[in-house]
A.B. asks: 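Take this structure first; my questions come after.
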Amino acid sequence: MAALLCCGFVLAQIPARAAGPEFQPSFLVASGPEVNFFLVGVNNSAVKLGVETVAANDDLLQSTCVKTNGTGQWAMTSSVDELDVSTLNLQLTLDRPLVLCEKVLNETNCCWEPLCVLETLRVTACLKGKVLATLLVQVIIYVNSTFQGIINENNMPIPKQKYHPLGPCPCNLTARACDVGCCCDKECTADMIQLFHSHCFTGVFGGQVSPPYDHLCSMQNLHTAPEWFPFLCVQSSLNNSPYLGLFFEGDTVDVSQDLSFGVAKSAAVNVPVGYHQGDPIVRGDDQLFIIPQTSLNGQCLTNAPVDYLQDFDARCVIPLTAEACADTIGVGEQIQNGLGTLIQPVVTYQTTADLGDFIPITASTSDSLFPKQQNAMASLGLVDKSEPKLLKGMCKNMILQADYVFYWNGTTISNIDLLVTVGNISLHSSATLTQRFSVTFVNPVKEHPSSVTMSGNPGYLTGKPVLAALASDKTLIRVPLKIWRPVGNGLCSSAQTTTLLFGEDSTSGCLLHLSINHFNNCAALGHTVYENLLNLVPADYIARRGNSNLTDLSEWVPLFKASLNDEYEFSEIEDEFNGFCAAIPATMNIRFFTAVIGAVEAVPQRVILGAEVNFSTVHWKMSCGGGSTATCMNRSVLQPFSISAAVQFIQIPAQPEPVQSRFQINHREYECSGNDVCWPELCYPLTRYYTGETFSESIAQGLLLVFIALLSAVLGSPWSSIRKAWNDTTF
């Protein structure tokens with residue numbers, strides 16, 4: 001037996017039923033207009049459901065079946081559960097508004113009290129006139145306190161503020177209390193106003209709280225008024241106010257009933273009349289020109305607008321899907337030049353077979369320690385325009401890179417060049433694709449053509465690539481300088497590279513997984529590391545300036561590279577020391593010697609005076625662990641060894657420091673840099689460079705010290721002896 005407690009009273013004792021259909025939960029307290037519950041264990045579709053309202057004097061344990069499927073204000077619906085066909089999903093819905101009658105108009109079915117619904121519902125499940133399960137629902141529902149009324153019309157009239165001010169009583173400052181002196185305060189009774197009716201605030205809108213202005217002529221009796229006040233005062237009424245005239249005639253506002261939580265449509269783009277730096281560029285269809293860009297948190301924004309005169313180079317990592325294959329990323333869209341004319345970009349397509357910069361290379365089981373080096377120029381080839389196609393899991397001509405070059409002059413765009421790099425990508429791979437997008441603004445009057453990218457004019461700009469060239473048949477060919485950019489597992493076989501930038505010292509590296517077999521020939525291992533590190537800097541010359549001409553060899557400095565055969569010898573230890581190689585060139589040091597040679601418009605111009613590449617050697621040894629060499633003898637065991645590339649920019653003074661003589665070197669007692677006592681700075685507190693106290697305080701303290709010194713000199717020795725001798729000789 002179980003006791004049923006409802007509204008603080010024990011209603012009855014309900015006997016436990018045998019296994020069969022039952023309601024879950026077995027008892028409910030509803031506080032809202034919707035009640036959801038379940039009937040589980042239904043094995044017959046002929047089960048009849050019913051709901052009724054139980055009166056206060058009715059028996060809650062009556063065994064009769066309820067034949068109605070709803071009450072006067074409740075409706076019940078049922079549906080079979082999708083996961084379990086023996087379960088019914090039931091819902092009771094209240095069919096009446098939950099609003100107070102005093103807040104609505106022309107509404108008969110409203111609530112006269114805050115406690116709107118208080119009743120008990122009985123739900124039964126019957127089969128052939130026999131009750132199988134019973135559920136009692138105690139309903140306690142209050143009115144909806146957030147409802148403020150029903151809008152019956154589409155037009156909401158607004159009163160004319162000219163005659164109905166928005167603030168009829170500005171001196172009413174305290175809520176639910178009478179403000180003394182405010183005769184328009186509704187909280188003030190007639191008896192209260194009688195106490196201060198002769199001292200009510202005067203002015204517009206029921207009371208001017210702020211005091212009158214001092215420049216009014218009516219305030220000329222003030223004691224603080226200047227002598228010229230009667231002639232230059234302002235004649236104005238006290239009822240005048242700066243707030244008069246700020247109200248407008250009332251109007252009718254259309255209230256839309258169509259509410260939606262969908263994404264709002266972007267407002268129409270204002271087509272600029274001449275671009276300014278930072279303005280978004282507009283397409284031919286009056287929409288913003290967007291290119292995928294990298295946000296501050298590293299994520300890729302596919303709808304980021306391109307700003308005028310703002311260069312960027314972004315990489316976006318995307319999964320290899322069919323949607324990514326078909327995405328053309330807005331290639332070839334017309335652009336507005338800033339004066340209403342449309343510009344069609346000149347698009348050039350090239351295909352690449354080297355996908356190392358776009359798809360991370362996974363670690364292979366082969367003996368290759370480094371990624372295969374391909375000739376970048378040989379792997380590129382011009383192709384005709386071809387749309388991306390998906391054929392048997394292979395995406396043909398998928399866009400890998402898009403490089404935009406905008407030619408600008410003043411506030412207009414004169415021409416646009418676009419170089420699109422495409423390739424054939426297999427979508428069966430689980431790897432990701434790194435797409436690259438760049439935008440460069442070039443002024444053809446002041447800068448070089450886009451085919452020759454510069455890093456400054458004339459000196460280098462910090463953060464721009466270091467220009468390098470390779471000598472070929474008495475001509476120079478531009479080649480890039482790279483450093484490691486490890487990705488994924490950090491292995492050299494899957495590492496990518498990034499551009500070497502001017503003025504930015506950096507150290508990067510990767511890992512080599514070596515086994516005992518690699519230590520059988522230390523010379524071959526050392527040469528392999530040496531050659532692959534040199535592949536990062538394939539150049540023979542470095543540009544002196546950021547705009548060096550390829551046809552003028554005097555504008556380039558040679559890149560000195562340390563020869564492996566001249567400086568390094570690899571040592572092969574005897575068999576008992578197998579797994580050890582000495583003098584492996586594992587660290588490549590790239591040094592650039594720079595100097596400031598002047599300034600153009602207050603911008604320092606930095607040039608490169610020289611460059612060199614040398615190597616630091618380390619000893620590599622297999623770690624066998626403990627005193628046993630069994631681990632090293634296992635040919636399948638791989639251990640990591642690191643290699644790195646360090647870049648350093650060393651600034652050399654434009655003028656060397658003067659050579660010091662032997663006397664200056666040996667006699668340094670008067671120099672402030674090498675001594676605790678600095679006599680040249682004795683009067684430093686009296687100079688403008690001293691910031692401990694104000695300059696006036698320093699002067700005052702200095703004069704006080706001088707006065708004390710003179711006073712001590714006059715009153716002390718030798719002046720006391722002179723005065724004594726003078727007094728002795730005076731008659």
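Worth saying up front: this structure is predicted, and the values here are computed from it rather than measured.
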A.B. asks: Rounded to the nearest 0.5 Å, how far does CD1 of Ile343 lie from CZ of Arg283?
C.D. replies: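 Result: 15.5 Å between the selected atoms.
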
A.B. asks: Apply the side-chain contact (heavy atoms from CB on, under 4.5 Å) test between Val537 and each candidate in Leu481, Ile483, Val647; give the one that qualifies.
C.D. replies: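 When Leu481, Ile483, Val647 are each tested with Val537, the side-chain contact (heavy atoms from CB on, under 4.5 Å) holds only for Leu481.
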
A.B. asks: So, taking the atom named CZ in Arg315 and the one named OG1 in Thr294, what distance separates them when rounded to the nearest 0.5 Å?
C.D. replies: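 Output value for this atom pair is 9.0 Å.
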
A.B. asks: I'd like to check Val422 versus Tyr349 (side-chain heavy atoms, cut-off strictly below 4.5 Å). Are they in contact?
C.D. replies: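 Val422 reaches Tyr349 side chain to side chain.
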
A.B. asks: Do we see a donor-acceptor contact under 3.5 Å between the side chains of Asn589 and Glu612?
C.D. replies: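 On atom types as modelled, these side chains do not qualify, holding no pair under 3.5 Å.
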
A.B. asks: Quick one: pull up CD1 in Ile335 and CG in Asn415 and give me the separation to the nearest 0.5 Å.
C.D. replies: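 Between Ile335 CD1 and Asn415 CG, I get 12.0 Å after rounding to 0.5 Å.
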
A.B. asks: Measure the CG-OG distance between Leu320 and Ser426 for me, rounded to the nearest 0.5 Å.
C.D. replies: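 Leu320 atom CG to Ser426 atom OG measures 8.0 Å (nearest 0.5 Å).
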
A.B. asks: Provide the closest heavy-atom pair for Pro585 versus Val529 in the form atom of the first, atom of the second, distance.
C.D. replies: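 So the two residues come closest at O-CG1, 3.4 Å.
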
A.B. asks: Using the test salt bridge (Lys or Arg N to Asp or Glu O under 4.0 Å), find all partners of Asp311 that sit at least two apart in sequence or belong to another chain.
C.D. replies: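 Partners of Asp311 by the salt bridge (Lys or Arg N to Asp or Glu O under 4.0 Å) criterion come out as none, since no residue qualifies.
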
A.B. asks: Show the nearest heavy-atom pair for residues Gly284 and Leu342, with the distance to one decimal.
C.D. replies: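 Nearest heavy atoms, Gly284 then Leu342: CA-CD2, 3.6 Å.
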
A.B. asks: For Thr594 and Gln651, which I'm curious about, is there any donor-acceptor pair between the side chains at under 3.5 Å?
C.D. replies: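 Looking only at side-chain atoms, Gln651 and Thr594 do not form any donor-acceptor pair under 3.5 Å.
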
A.B. asks: Does any part of the side chain of Leu534, heavy atoms only, come nearer than 4.5 Å to the side chain of Val613, both counted from C-beta?
C.D. replies: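 Val613 vs Leu534: side chains touch.
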
A.B. asks: Test your reading of the model: is there a side-chain donor-acceptor pair from Glu555 to the backbone of Asn549, 3.5 Å cut-off?
C.D. replies: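 A pair under 3.5 Å: yes.
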
A.B. asks: Check whether any side-chain N or O of Thr411 sits under 3.5 Å from a backbone N or O of Gly274 as a donor-acceptor pair, and report yes or no.
C.D. replies: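 Such a contact is absent between Thr411 side chain and Gly274 backbone.
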
A.B. asks: Locate the shortest heavy-atom distance separating Leu418 from Gly332; write the atom from each residue and the value.
C.D. replies: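 Smallest heavy-atom distance, with atoms named: CD2-N, 4.2 Å.
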
A.B. asks: Keeping Ser455 on the side-chain end and Pro465 on the backbone end, is there a donor-acceptor pair under 3.5 Å?
C.D. replies: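 Judged by distance alone, yes, a pair lies under 3.5 Å.
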
A.B. asks: With side-chain contact (heavy atoms from CB on, under 4.5 Å) as the test, pick out the partner of Val420 among Asp403, Val347, Thr328.
C.D. replies: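 Of the listed options, the one satisfying the test is Val347.
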
A.B. asks: Looking at side-chain heavy atoms only, is the closest gap between Gln435 and Leu400 below 4.5 Å?
C.D. replies: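 The answer is no, as the side chains (C-beta and beyond) never meet within the 4.5 Å cut-off.
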
A.B. asks: Identify the two heavy atoms, one from His518 and one from His513, that lie closest to each other, and give their separation to 0.1 Å.
C.D. replies: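 The answer is CE1-O, 4.3 Å.
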
A.B. asks: Could you tell me whether the side chain of Thr528 and the main chain of Ala524 form a donor-acceptor pair under 3.5 Å?
C.D. replies: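 Present.
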
A.B. asks: What do you reckon, are the aromatic ring centroids of Phe312 and Tyr404 less than 6.0 Å apart?
C.D. replies: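 Centroid distance Phe312-Tyr404: not below 6.0 Å, so no.
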
A.B. asks: What's the shortest heavy-atom distance between Trp620 and Ser642, and which atoms?
C.D. replies: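 Minimum heavy-atom contact is CZ2-O, 3.7 Å.
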
A.B. asks: Got a second to check how far Leu433's CG is from Cys325's SG, nearest 0.5 Å?
C.D. replies: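 Rounded to the nearest 0.5 Å, the CG-SG separation comes out at 10.5 Å.
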
A.B. asks: Which residues pass the side chain to side chain contact (heavy atoms under 4.5 Å, CB included) test with Pro292, not counting sequence neighbours?
C.D. replies: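 If we apply the side chain to side chain contact (heavy atoms under 4.5 Å, CB included) test to Pro292, skipping adjacent residues, the hits are Cys300, Cys316, Ile329, Phe437.
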
A.B. asks: Ring centroids only, cut at 6.0 angstrom: are Phe441 and Trp408 within range, meaning strictly under it?
C.D. replies: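 Distance test on ring centres: not under 6.0 Å, no.
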
A.B. asks: Stepwise, does the side-chain hydrogen bond (donor to acceptor under 3.5 Å, both in side chains) test hold for Asp286 with Gln336?
C.D. replies: CA-CA 8 Å; Asp286 294 342; Gln336 298 195 20; 2.8 Å; yes

A.B. asks: Is the shortest side-chain heavy-atom distance between Ile542 and Trp556 below 4.5 Å?
C.D. replies: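 No; the side chains remain at least 4.5 Å from each other.
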
A.B. asks: State whether the side chain of His619 and the backbone N or O of Ala583 hold a donor-acceptor pair below 3.5 Å, judged by distance alone.
C.D. replies: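 Present.
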
A.B. asks: For the atom pair CE (Met398) and OG1 (Thr351), what is the distance rounded to the nearest 0.5 Å?
C.D. replies: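 One gets 13.5 Å once the value is rounded to the nearest 0.5 Å.
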
A.B. asks: Using a 4.5 Å cut-off on heavy atoms from C-beta on, say whether the side chain of Tyr460 contacts that of Leu467.
C.D. replies: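 The answer is yes; the side chains approach within 4.5 Å.
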
A.B. asks: Report, as yes or no, whether the 6.0 Å neighbourhood of atom NZ on Lys561 holds more than 12 heavy atoms from other residues, nucleotides or ligands.
C.D. replies: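 More than 12 heavy atoms, drawn from other residues, nucleotides or ligands, come within 6.0 Å of this atom.
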
A.B. asks: Which heavy-atom pair separates Ala469 from Leu550 by the least distance, and what is that distance?
C.D. replies: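 Scanning both residues, the minimum pair turns out to be CB-CD2, 4.3 Å.
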
A.B. asks: Does the side chain of Phe406 come within less than 4.5 Å of Leu309's, by heavy atoms?
C.D. replies: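 No. Closest side-chain heavy atoms not under 4.5 Å.
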
A.B. asks: In a check of side-chain hydrogen bond (donor to acceptor under 3.5 Å, both in side chains) between Tyr407 and each of Asn443, Thr412, Asp417, which one passes?
C.D. replies: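 Single side-chain hydrogen bond (donor to acceptor under 3.5 Å, both in side chains) partner of Tyr407 among Asn443, Thr412, Asp417: Asp417.
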
A.B. asks: Keeping Thr497 on the side-chain end and Lys482 on the backbone end, is there a donor-acceptor pair under 3.5 Å?
C.D. replies: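 Not at all, since once roles are kept as given, no pair shorter than 3.5 Å links the two residues.
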
A.B. asks: Within a strict 4.5 Å, meaning less than it, do heavy atoms of the Leu514 and Leu525 side chains meet?
C.D. replies: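 With C-beta onward as the side chain, the pair touches.
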
A.B. asks: Can you find a heavy atom in the side chain of Phe592 that is under 4.5 Å from one in the side chain of Val466?
C.D. replies: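 Yes, at least one pair of side-chain atoms sits under 4.5 Å.
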
